[in-house]
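Following: one structure in structure tokens, then a few remarks.
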There are 2 protein chains.
Amino acid sequence: MTARFEAPREDSKIEAAAGPMVFIVEDDVSMRRSLTNLFKQVGLNAVTFGSAREMLQSKLPDVVSCLVLDVRLPGVSGLDFQSELAKLNIKIPVIFITGHGDIPMSVRAMKGGAVDFLTKPFRDQELLDAVLAAAEQDRKRRSAEQIVTHLRSLFEALSPREQEVMKLVATGLMNKQIAAELGLAEITVKIYRGHVMKKMRARSLAELITMAATLGFRANRTEQT
Amino acid sequence: MTARFEAPREDSKIEAAAGPMVFIVEDDVSMRRSLTNLFKQVGLNAVTFGSAREMLQSKLPDVVSCLVLDVRLPGVSGLDFQSELAKLNIKIPVIFITGHGDIPMSVRAMKGGAVDFLTKPFRDQELLDAVLAAAEQDRKRRSAEQIVTHLRSLFEALSPREQEVMKLVATGLMNKQIAAELGLAEITVKIYRGHVMKKMRARSLAELITMAATLGFRANRTEQT
DNA sequence: AAAAGAATTATACGAACGTTTGGGGTGCAC
DNA sequence: GTGCACCCCAAACGTTCGTATAATTCTTTT
């Protein structure tokens, strides 16, 4: 092991993508500070906001993250903010903390998909456990979502005809039937089908069917509702 | 609106399979009675138990149902009972009711998958709404489960060799490759494959692949964990 | 205007699939 | 021991699939 050049360790501009991020929406300044300290101590990247609006206005980085949210906030309440995030299709896992909670509040939060609902005072470890669980949940969701996003982009790169053919192939129709359905010659369908396999990078019909299923094309009447 | 004959309302022997059933586990006798009355009034079939053990000992009918569960019970607590049901793989939706609840309790219940957590006193309508939602949830779960159960029974009716072939077909292998994998002649694989299609009642490869996916056979590395 | 890509079809051929017909053998249950 | 299910294979034939070659038309991009 001779001494050699290595990539510098202090390139703090890259580390943004390192660990999970924790967003904190909390109006109480001292609480905010203590939360931030807690997270920094265990190496978590924490970013704080004083209100829901503040957080919505800043553009959130696209990394594994979770949200520690106070229920009682100036302006929109934490619970309403949770609904709002859902409506905006922002799927960040939420951990509520509150000093003045009640049961209906916690139930509403949990129904809304919250990871946890902690009442002050709580032990640091409780919050950290919740944050870690939330981050893990977000990581899984992202990795699943990334797959369908990738597939969708491949699919959208298909020509319209190719897309139609792919859908019908996934339905289980034969080339002949697809041709009839689309008013084409069978040979044409075969060619588009070949394009589909190449462009979707499917190495077998089984893979293509699986992709189609992932994209939400239903093959048969296996399930509904 | 002329008077006309209608199906008789009193055929109580058939109605067992009619609507959803509501199980009630509650030790307080007067509460039990009032709950029963409430459900009867809206045409729901209610069955009560005084404790968790009582309910576990009676054999539950296999119909759409839900469980209204008091948190504070003699013997096992409602929350422990919920865990126990999960461990026993009994997936009945649970609605908690309690007179002496706190937030950690409700959070644990909701994390455990409870549909709702109501504190006494609650409005009748609140409980009814929860029960209806729970029943609907159970109905969906059952209909989904029934499909995989059916598929599994078809799959298990295959001979061992046929099962192996089906798995490999679902993987996207060609007959030739399957033959090599299993040390068979290609023609043999073709024949088993034909059996698989018939016995699984698949009318196309696409359907078979979908079935295999439903049964949990993964085709490619599309997703994990 | 030329290039590029889409949509479309034809002819042709080889590979893969599916089924039928007709055999072999084993092992178990009645 | 006869029947039955499973296991295994072959020859043969027809169908379906996949791809290559080649061509026409249209639209869009450069």
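Treat the numbers as computed from the prediction; the structure is a model and nothing was measured. Every chain is numbered from 1, with letters handed out A, B, ... down the list of sequences.
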Reading nucleotides 12-30 of chain D 5' to 3', which nucleotides get B (base under 4.0 Å from a protein heavy atom), which S (sugar-phosphate only), which -? B---SBBBB----------

OP1 or OP2 of dC8(D) sitting under 4.0 Å from any side-chain N/O of Tyr192(B)? yes

Table please: side-chain donor-acceptor pairs of residues 189-196 of chain B below 3.5 Å, with sequence neighbours left out.
from      : atom 1 : to        : atom 2 : distance (Å)
Arg193(B) : NH1    : Asn175(B) : OD1    : 2.5
His195(B) : ND1    : Glu162(B) : OE2    : 3.0

According to a strict under-4.0 Å criterion, is Ser159(B) in side-chain N/O contact with OP1 or OP2 of dC6(D)? no

Who pairs with Phe117(B) by ring-ring contact (aromatic ring centres under 6.0 Å, His included), at least two apart in sequence or on another chain? Phe96(B)

Going by the rule ring-ring contact (aromatic ring centres under 6.0 Å, His included), which residues pair with Phe155(A) if we only count those two or more places apart in sequence or in a different chain? Phe217(A)

Between Arg139(B) and Glu136(B), is there a salt bridge with N-O shorter than 4.0 Å? yes

Is it the case that the side chain of Ser77(A) and the backbone of Leu79(A) share a donor-acceptor pair, with hydrogens and angles ignored and the cut-off at 3.5 Å? yes

Look at Glu164(B) together with Lys167(B) and state whether they make a salt bridge at an N to O cut-off of under 4.0 Å. no

Is there a donor-acceptor pair under 3.5 Å between the side chain of Glu207(A) and the backbone N or O of Gly172(B)? no

If only atom types and distance count, is the side chain of Asp138(B) paired as donor or acceptor with the main-chain N or O of Ser65(B) below 3.5 Å? yes

Roughly what angle, to 10°, lies between the helix axis at the start of the helix from dA1(C)-dT30(D) to dC30(C)-dG1(D) and the one at its end, five pairs per end? 40°

Identify the 5'-most and 3'-most nucleotides of DNA chain C with at least one atom closer than 4.0 Å to a non-hydrogen atom of chain B. dA16(C) to dT19(C)

Is any NZ, NE, NH1 or NH2 atom of the basic residue among Asp80(A) and Arg108(A) found under 4.0 Å from an Asp or Glu carboxylate oxygen of the other? yes

So, is Arg161(B) close to the dC8(D) phosphate, meaning a side-chain N or O under 4.0 Å from OP1 or OP2? yes

Is a side-chain donor-acceptor pair under 3.5 Å present for Ser106(B) with Ser106(A)? yes

